[in-house]
There are 2 protein chains.
Amino acid sequence: MASIRDVAALAKVSTATASRALSGRGPVSPATRERVLRASAELGFVPSANAAGLASGRSRNIGVIVPGVDRWFFAKVVRGISEELLDQGYDLSLYTTGGSHDHQEKVLQDYLLRQRLDAVVPVALELTTRERERLVAIGRPIVGVGGAMPGTLTVGIDQEAAGALATGHLTGLGHRHIAHLTAGKDPHRDFGLTGTRQGGFERAMAQAGLVVRPEWVITSDFTLNDAYARAKALLAAPERPTAVFAASDEMAVGTILAARDLGLRVPDDLSVVGIDGHELGDVVGLTTVAQFPERQGARAAARLLQQLAHDGAPDEPQHETVATDFVVRSSTAVPPSPGSRSRRSAASPSPG
Amino acid sequence: MASIRDVAALAKVSTATASRALSGRGPVSPATRERVLRASAELGFVPSANAAGLASGRSRNIGVIVPGVDRWFFAKVVRGISEELLDQGYDLSLYTTGGSHDHQEKVLQDYLLRQRLDAVVPVALELTTRERERLVAIGRPIVGVGGAMPGTLTVGIDQEAAGALATGHLTGLGHRHIAHLTAGKDPHRDFGLTGTRQGGFERAMAQAGLVVRPEWVITSDFTLNDAYARAKALLAAPERPTAVFAASDEMAVGTILAARDLGLRVPDDLSVVGIDGHELGDVVGLTTVAQFPERQGARAAARLLQQLAHDGAPDEPQHETVATDFVVRSSTAVPPSPGSRSRRSAASPSPG
DNA sequence: GTGAAAGCGCTAACAG
DNA sequence: CTGTTAGCGCTTTCAC
């Protein structure tokens, strides 16, 4: 394991000059720089991260805090961040807080304080005020992904607009009986964004002059399985909606599968729209608001690196909204005419 | 940011003693230890990872190399590793190699050499001999997850047995016309394990006295979407199998959805079995060999930590096989009797 | 533009 | 059991 002293010796310069040449910080003549780089390459020199970090205070390492990596959105965001960082020579430290109750505590009051991180990307993290203060207290740049975090720069889609867009698509098709599958707030893995998708739903409903039926706003948990069960109950009831807006594609697909299992045709008997752009939506022809989480992650990482390059001058706190793409496929259509409704024999689904 | 000198001063001991008390390495009297811990807590002391790492050579940091984190198996493995490490106070550095062609190169010849890692967990990584040598050359313990890596300790299921188990289930039900959806080898994201699942398929077929039809061994890519398309082609052909063994649950679900879209009933017209234990299998009643990747990840991490605790004495290279669970649900049944075959009007599906 | 020297904050001999 | 003393390998003033 060659050290910088070996490199310096081979290039016949001091370690100081070698360091300057290798890092690009500080003046070095082109000729010496060339000699040093050659020596470094010849020896296969790789600087010790610990030594460099200790001496300089910079670690070339970004911390990513995420509720879990085995959920679609988080996985995609982490992928986006990881690839951006890998390109730029930065390490990525991953902290998952969703697993056990005290992991989040531990991460915030121990892991993040080890001075190993140049910056932090909290993903869809719901923090108490105290916790947010702790995060800020590490004195490093922060860029969040997902929900907006007061006081810090964040990257994400406009949740409310996405919800309104999806819902407006349904009302525009003429649907008047629309249910909404939202996701409950789980203290362990809060996404900090559901509320506003629901807000968009409510706004679009109001704008179409429709009333939101409380019993048709159903809390699920972002998973396909739970949504399947809830949609089955919803759609098996005597009165059922002609359309469902699910706050995630996985829940939307669960709804489609539930409808199919009840003998309902999509979109003939039921229209379904989701949010995400999940690969799963493809085979069932799901209409959705695609949100490209990789890009969000990559964007957050890029902003952070940019800040670090400008010597840590933090951008002013704000939410950077990234664009979504409305993908119309075959799960949405005009509502069935009252005469042609469904193969089920239940009472007329036309509500009050 | 309190340093160990502050702690030592407050506890009225030397920094050496403070270090010993805090790390548990070296002798300290109970009384002084208590004083040091109290002082540390009072000051909110968190040791600098860089300084500790530089001085000791240990970084309390494990590197995880994974093709990507946005695939079910990898995400679950990473989750398992992450939680185990978080519990033990270890950091996790994540490297994704699947994104761009040279990321794997970069990780192997730069990132891993920064002396920031105490150990490495390569997940389902397919390496050339040279690359494997590089990995070993970092001189740190290695425990792989997924496919077996010659020369290193690995944790994973018995792929061949899993394939044979799934296939044997089908032959046991009386199926004679069985297709297999396998996953091709992609140089960027190789899983290093598909071959053996297919090997299990072939063995079970042979044991049942059945011939493997080459045109019924179909290469897909582990994704639901691709499997859906290939299954549709397979099942729309004049002669079709009565059962499909898919090498992953996502591919199995794709097959089920394709069958449904063709008007085939599962399991009446077609039995489908997968491998994984993917959540998605639940709502479609998929019979599968569950493999619990979180446990595999956690196990690998635990073994690594154990090695590090024993001062790096590496366990002898071998493959540790973890148990699978065969979950029978509703996607498999006895094959249809020739008379009752399907609603499709095509030629008799009974082969040869 | 370059080198000498002083640390970064902690750990690990080595004495005592 | 505890303190003193060197570093770990690099970066960074500060002179020149």
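Nothing here was measured: the structure is a model prediction, and the numbers come from that model. Throughout, a chain's letter reflects where its sequence line sits, starting with A, and its residues are numbered from 1.
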Check the distance between [N]'s [atom2] and [X]'s [atom1] and give it to me in whole angstrom.
| X | N | atom1 | atom2 | value |
| --- | --- | --- | --- | --- |
| Met1(A) | dC8(D) | CE | P | 16 Å |
| Phe45(B) | dC10(C) | CZ | P | 4 Å |
| Asp6(A) | dC10(D) | CG | P | 9 Å |
| Glu34(A) | dG1(C) | CD | P | 16 Å |
| Gln115(B) | dC10(D) | CD | C1' | 11 Å |
| Ile4(B) | dG3(D) | CD1 | P | 12 Å |
| Arg114(B) | dG9(D) | CZ | P | 17 Å |
| Arg5(A) | dG3(C) | CZ | C1' | 14 Å |

(request) Report yes if the side chains of Asp91(A) and Tyr111(B) come closer than 4.5 Å at any heavy-atom pair, otherwise no. (result)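 Heavy-atom side-chain distance check passes, below 4.5 Å.
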
(message) Would you say that Val78(A) contacts Val123(A) through its side chain, given a criterion of any heavy-atom pair below 4.5 Å between the two side chains?
(response)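 Sidechains of Val123(A) and Val78(A): no contact.
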
Heavy atoms under 4.0 Å, any strand shown: does [X] hit a base, just sugar-phosphate, or nothing?
| X | result |
| --- | --- |
| Ser23(B) | nothing |
| Pro47(B) | sugar-phosphate |
| Ala16(B) | base |

Using the side-chain heavy atoms of [X], tell me which of these nucleotides is nearest: [options].
| X | options | value |
| --- | --- | --- |
| Arg25(B) | dA12(C), dT12(D), dT11(C) | dA12(C) |
| Ala55(B) | dT11(D), dG7(D), dT4(D) | dG7(D) |
| Thr32(B) | dC10(C), dT2(D), dT11(D) | dT2(D) |
| Val13(A) | dG3(C), dT11(C), dT2(C) | dG3(C) |

Has [X] got a side-chain N or O lying under 4.0 Å from the OP1 or OP2 atom of [N]?
| X | N | result |
| --- | --- | --- |
| Arg60(B) | dC10(C) | no |
| Ser29(A) | dG1(C) | no |
| Ser19(B) | dC10(C) | no |
| Ser48(B) | dG9(C) | no |

(message) Between Ser56(B) and Thr15(B), which residue's closest nucleotide on DNA chain D lies nearer the 5′ terminus?
(response)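 Closer to the 5' end of DNA chain D: Thr15(B).
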
(request) Find which nucleotide of DNA chain D each of Leu54(B) and Pro30(B) is nearest to by heavy atoms, and output the residue with the more 5' nucleotide. (result)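 Nearest nucleotide further toward 5': that of Pro30(B).
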
(request) Check whether NZ of the Lys or CZ of the Arg Arg295(A) lies under 6.0 Å from the centre of the six-membered ring of Phe292(A) and within 45 degrees of that ring's axis. (result)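 So Arg295(A) does make the cation-pi contact.
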
(request) Indicate yes or no: does Arg79(A) engage Glu83(A) in a salt bridge with an N to O separation below 4.0 Å. (result)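 Here Arg79(A) pairs with Glu83(A) in a salt bridge, since their nearest N and O are under 4.0 Å apart.
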
(request) Would you mind checking if Asp70(A) and Lys76(B) are paired as a salt bridge, meaning a charged N to carboxylate O distance below 4.0 Å? (result)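 Yes, charged N to carboxylate O under 4.0 Å.
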
(message) Checking side-chain polar atoms at under 3.5 Å, does His103(A) have a donor or acceptor matched by the opposite partner on Thr97(A)?
(response)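 No, no side-chain donor-acceptor pair sits under 3.5 Å.
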
(message) Using a distance-only criterion (donor-acceptor N/O pair, under 3.5 Å, no hydrogens), is the base of dG3(D) paired with the side chain of Arg20(B)?
(response)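 Per atom types, the contact qualifies.
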
